[in-house]
Amino acid sequence: MKTTTPTLSMALAGIGLAALVAGCGALPDKPARATLYDFGPGLAATAPAAAPTAALPTLALAEFESNTRLDGTQILYRLGYADANELRPYGQSRWSLPPAQLLRQRLRDSLAEHRMVLGPEESATIARTKGEVPDTLRISLDEFSHYFDSPASSVGLVRLRATLIRGTTGGDRVLGQRMFTVRRPAPSADAPGGVKALAAASDAAVAEVTQWMDALQRQPRQ
């Protein structure tokens, strides 16, 4: 019986199919999507409404200032025991917004419990239409990192400078300025642990700034 040999086209098709299968096996995996974090829903989401308090003067909250490294969404850490001057990013973890924006939202919510809080544009509108210039709170965010004192011990470190300015007929006057430095322990030596520590440190810093602001704005206007 005569044996049938494969045609050239069939042979080439077989080679092509084998190459396609091999090529599919060599395709790279999809890049891992970064995990996004924020500070959580906040105390207002679970806590009962606080008792009403005496209203304090309207406040304008300026946009936060920060160094360029904190303008992005990377979650940063420092190895204080090795080189405290180097900021390093976690590879697959990000903030949902730049830290300064997350912290400003938290601070605005806290301050608004006792007073009306305006943004820069709202404050400018009131100044033009009513001739009223509210006090302005300026914040400079100087440090926001997961800081390692040792490989086994780390904290969320937040440092900011707050300045309260009052506009007068004679020009702006600084009512007060203060540095706030807050450290909170991290439950683990990784990005999720750093996030929890930084969220806790941010809430503590917000509480301190709010308490300081309440005391300053209760002082009689001069």
Side-chain angles (χ1 to χ4, degrees), residues 28-47 61-111 137-164 176-216:
D29 293 333
K30 291 182 179 179
R33 180 177 297 178
T35 304
L36 295 181
Y37 294 95
D38 58 20
F39 292 168
L43 297 177
T46 55
L61 181 60
E63 297 295 336
F64 279 27
E65 299 176 1
S66 62
N67 65 54
T68 54
R69 195 64 192 272
L70 296 179
D71 288 341
T73 58
Q74 293 178 320
I75 299 174
L76 302 173
Y77 67 94
R78 293 183 191 269
L79 301 181
Y81 58 89
D83 186 357
N85 295 324
E86 183 180 0
L87 277 171
R88 310 166 189 236
Y90 282 109
Q92 293 300 320
S93 301
R94 296 285 189 276
W95 295 111
S96 60
L97 292 170
Q101 293 185 33
L102 290 172
L103 192 55
R104 185 178 183 276
Q105 288 178 355
R106 206 67 146 195
L107 180 58
R108 180 167 185 164
D109 290 344
S110 178
L111 292 170
L137 176 61
R138 301 187 183 279
I139 300 288
S140 174
L141 182 59
D142 298 330
E143 180 68 22
F144 196 87
S145 66
H146 184 191
Y147 188 90
F148 285 80
D149 296 299
S150 71
S153 175
S154 62
V155 298
L157 177 59
V158 175
R159 185 173 67 250
L160 56 86
R161 182 177 68 254
T163 306
L164 182 62
Q177 185 177 80
R178 180 177 164 186
M179 290 291 301
F180 296 86
T181 301
V182 181
R183 296 163 61 100
R184 288 295 182 270
S188 57
D190 53 13
V195 166
K196 287 182 172 58
L198 282 166
S202 296
D203 283 342
V206 163
E208 290 187 20
V209 172
T210 300
Q211 185 178 17
W212 176 71
M213 277 295 306
D214 290 353
L216 278 178

Which atom names give the shortest non-hydrogen contact between Val155 and Pro185, and what distance separates them?
CG1-CA, 4.1 Å
Do Arg184 and Val158 come within less than 4.5 Å of each other through their side chains, counting heavy atoms only?
no
Is any NZ, NE, NH1 or NH2 atom of the basic residue among Asp38 and Arg94 found under 4.0 Å from an Asp or Glu carboxylate oxygen of the other?
no
Check the side chains of Ser66 and Asp71 for a donor-acceptor pair under 3.5 angstrom, ignoring hydrogens and angles.
yes
Considering all heavy atoms of both residues, which atom of Ala204 and which atom of Val182 are nearest to each other, and what is their separation?
CB-CG1, 3.7 Å
Test side-chain contact (heavy atoms from CB on, under 4.5 Å) on Tyr90 and His146 and set out the steps.
CA-CA 10 Å; Tyr90 282 109; His146 184 191; 2.9 Å; yes
For Ser145 and Leu87: C-alpha separation, side-chain torsions, deciding distance, then whether side-chain contact (heavy atoms from CB on, under 4.5 Å) applies.
CA-CA 8 Å; Ser145 66; Leu87 277 171; 4.2 Å; yes
Tell me, yes or no, whether the heavy-atom count around Arg108 atom CZ, taken from other residues, nucleotides or ligands under 6.0 Å, exceeds 12.
yes
Determine the minimum heavy-atom distance between Leu103 and Leu141, stating which atoms define it.
CD2-CD1, 3.8 Å
Within a strict 4.5 Å, meaning less than it, do heavy atoms of the Phe148 and Ser153 side chains meet?
no
When rounded to the nearest 0.5 Å, the distance separating CZ of Arg106 from CG of Leu111 is 13.0 Å
Closer than 4.0 angstrom, basic N to acidic O: yes or no for Glu143 and Arg78?
yes
Under 3.5 Å, is there a donor-acceptor pair between the side chain of Arg104 and the main chain of Ala62?
yes
Please step through side-chain contact (heavy atoms from CB on, under 4.5 Å) for the pair Leu76 and Leu70, ending with a clear verdict.
CA-CA 9 Å; Leu76 302 173; Leu70 296 179; 4.0 Å; yes
In terms of side-chain heavy atoms, does Ser93 have a donor or acceptor partner in Thr35 at a distance below 3.5 Å?
no
Give a yes or no on whether Gln177 atom CD has more than 12 heavy-atom contacts from other residues, nucleotides or ligands under 6.0 Å away.
yes
